[in-house]
2 protein chains.
Amino acid sequence: MTASRPYANALELLRAAKLRPTRQRLALARLLFEKGDHHVTAEQLHGEAQAAAVPVSLATVYNTLHQFVDAGLLREVAVNPGRSYFDTNTADHHHFFFEETGKLMDIPSDRINVTNLPEPPQGAIHRVDVTIRVGKAKA
Amino acid sequence: MTASRPYANALELLRAAKLRPTRQRLALARLLFEKGDHHVTAEQLHGEAQAAAVPVSLATVYNTLHQFVDAGLLREVAVNPGRSYFDTNTADHHHFFFEETGKLMDIPSDRINVTNLPEPPQGAIHRVDVTIRVGKAKA
DNA sequence: CTCTATGATTAGAATGATTCTAATTTAAGC
DNA sequence: GCTTAAATTAGAATCATTCTAATCATAGAG
C-alpha cells in the first residue's frame, strides 16, 4: 500500500522521504495528506497554510511541493498551461478536468481501459496520463 | 477530411476561419500548415518567422495562435506547466512526450485503445487526451 | 544541555511566459 | 483614393515560478 497512506502521520512521511521534519514541512504535509486525496496549486496550499496560521513563505511551499514530488509523495499534473497542480494521489490513475472551474477529479485506473499502448521509439514509458476534458454541456 | 489539410493554402484557411488575411497571419499560417503536422511554442514560431524575414511581433504570434485555436485550426497541448505547445494536427490523436527533450510526437488515435470511458458527473466530454510520458531509459 | 555545522526558510529580486494597453498601421469596401 | 474597423506593434504589466543571499533551526557531538 504505497499508494494511499491515510494512516501515516506527517512525521513518518518526512522521515521516510529523508526530509528534515521542520515546522513548515510538517504543517504542509498535514494539510496535504490528512484529508484524503485532493489537488492543489502552490498558491492554494500557501493560502491554506496562512489560514491555519502556519507561517510559511510561498518559496518554501514551492520547495516543499517539489521535494514531495521527488520523494514520490505527490504527483504533478499538467492540464493547464501556466499553472501546476499537485495531486496527493500517487497511485496509477487518471483525471477529469473541468475546464469551466479548473477543478480536477480522480478516475481510478481500473475505470478506464487503455490497451495496445505503442512503444516509444526511444526511452522508457514513465507514465501514461489520460485526461478527460469536460466542458459546458454543449447545445 | 477536416483533420489534415495539406491541400488548403493559407489564404483559404484564413477565409474559412473568417480572419482577415493580413501579411503576418498569412505568413504564420504558411509556417504552420505548409510543412506537415508539427508542434510549436509561441517563441519557436516567432523565431521561425524572424528567420523567414517576416516582420511580426511576439504579441501577434500569441494573438494569432489563439485565434487559430478558436477557429479549430490548431490544438493547444498541455504537457509542460509554464509553456504552451500548439499542434497543427487537429484530428483525434494522442502524444508521446519526451521529458528529456521537451519534444512531442503524435500517436494516431487508432494506435491506442481507450475504452470504457466513464461519464463525467456534469458537463460533456470535450476531449480525451492520452499522454505517454517518456523518460530516460531506466536502469 | 549547549554548541556547531548543515540544511531549511525567508523576503524580495529576478526570470520567463503570456497578456494587456494605447498608439500606429493596414485591409476592405465604397 | 478615402474611411473605418480591425490588426499589429512596442513596451509595460502581470502571473507563476525560481533564484539569491542572508537569517534561522534541527540534529548530532560533546
Side-chain angles (χ1 to χ4, degrees), chain A residues 10-32 39-50 52-71 73-74 76-86 102 104, chain B residues 10-32 39-50 52-71 73-74 76-86 102 104:
Chain A
L11 192 59
E12 287 167 12
L13 279 186
L14 293 179
R15 271 209 245 283
K18 299 200 204 322
L19 292 170
R20 261 196 211 176
T22 62
R23 205 172 291 291
Q24 22 287 305
R25 286 210 274 234
L26 276 167
L28 294 177
R30 278 200 204 94
L31 288 172
L32 287 169
H39 308 92
V40 292
T41 63
E43 203 71 55
Q44 276 168 19
L45 183 59
H46 186 233
E48 285 181 42
Q50 310 256 271
V54 178
V56 60
S57 70
L58 190 52
T60 296
V61 172
Y62 274 104
N63 288 340
T64 304
L65 285 171
H66 288 139
Q67 289 154 357
F68 285 6
V69 168
D70 291 345
L73 301 175
L74 285 178
E76 195 167 356
V77 183
V79 277
N80 220 351
R83 185 177 248 90
S84 273
Y85 289 72
F86 295 87
L104 282 166
Chain B
L11 192 60
E12 285 168 15
L13 280 186
L14 293 180
R15 270 210 245 285
K18 297 201 207 323
L19 292 169
R20 260 198 209 174
T22 63
R23 202 171 292 290
Q24 21 287 303
R25 286 210 274 235
L26 276 167
L28 295 177
R30 277 199 206 97
L31 288 171
L32 287 169
H39 308 92
V40 291
T41 63
E43 205 70 55
Q44 276 167 19
L45 183 58
H46 186 233
E48 286 180 42
Q50 310 255 273
V54 177
V56 61
S57 70
L58 190 53
T60 295
V61 171
Y62 275 104
N63 287 341
T64 304
L65 285 171
H66 288 140
Q67 289 155 356
F68 284 6
V69 169
D70 291 346
L73 301 175
L74 286 178
E76 196 167 355
V77 183
V79 277
N80 218 353
R83 184 178 249 93
S84 274
Y85 289 72
F86 295 86
L104 283 166

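Per chain, numbering begins at 1; letters A, B, ... match sequence-line order.
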Under the side-chain hydrogen bond (donor to acceptor under 3.5 Å, both in side chains) rule, collect the residues that match up with [X], sequence neighbours excluded.
X: A/His39; answer: A/Asp87, A/His95, A/Asp106
X: A/Thr60; answer: A/Ser57
X: A/Ser84; answer: A/Glu76

Rounded to the nearest angstrom, tell me the gap between atom [atom1] in [X] and atom [atom2] in [N].
X: B/Gln44; N: C/dG16; atom1: CD; atom2: P; result: 16 Å
X: B/Leu19; N: D/dA6; atom1: CG; atom2: C1'; result: 11 Å
X: B/Leu26; N: C/dA27; atom1: CG; atom2: C1'; result: 11 Å
X: A/His46; N: C/dT10; atom1: NE2; atom2: P; result: 8 Å

Practice task
Using the test ring-ring contact (aromatic ring centres under 6.0 Å, His included), find all partners of B/Tyr62 that sit at least two apart in sequence or belong to another chain.
Solution key: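 None.
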
Completion exercise
Quick tally for nucleotides 15-30 of chain D: nucleotides whose base has a protein heavy atom under 4.0 Å get B, sugar-phosphate-only ones S, the rest -, giving -SBBB------BS---

Throw together a table of side-chain donor-acceptor distances under 3.5 angstrom for residues 17-24 of chain A, partners on residues two or more places apart or in other chains.
from    : atom 1 : to      : atom 2 : distance (Å)
A/Thr22 : OG1    : A/Arg25 : N      : 3.3

Exercise for the section: May I ask you to decide if B/Asn80's main-chain N or O and B/Tyr85's side chain share a donor-acceptor pair within less than 3.5 Å? Expected result: no

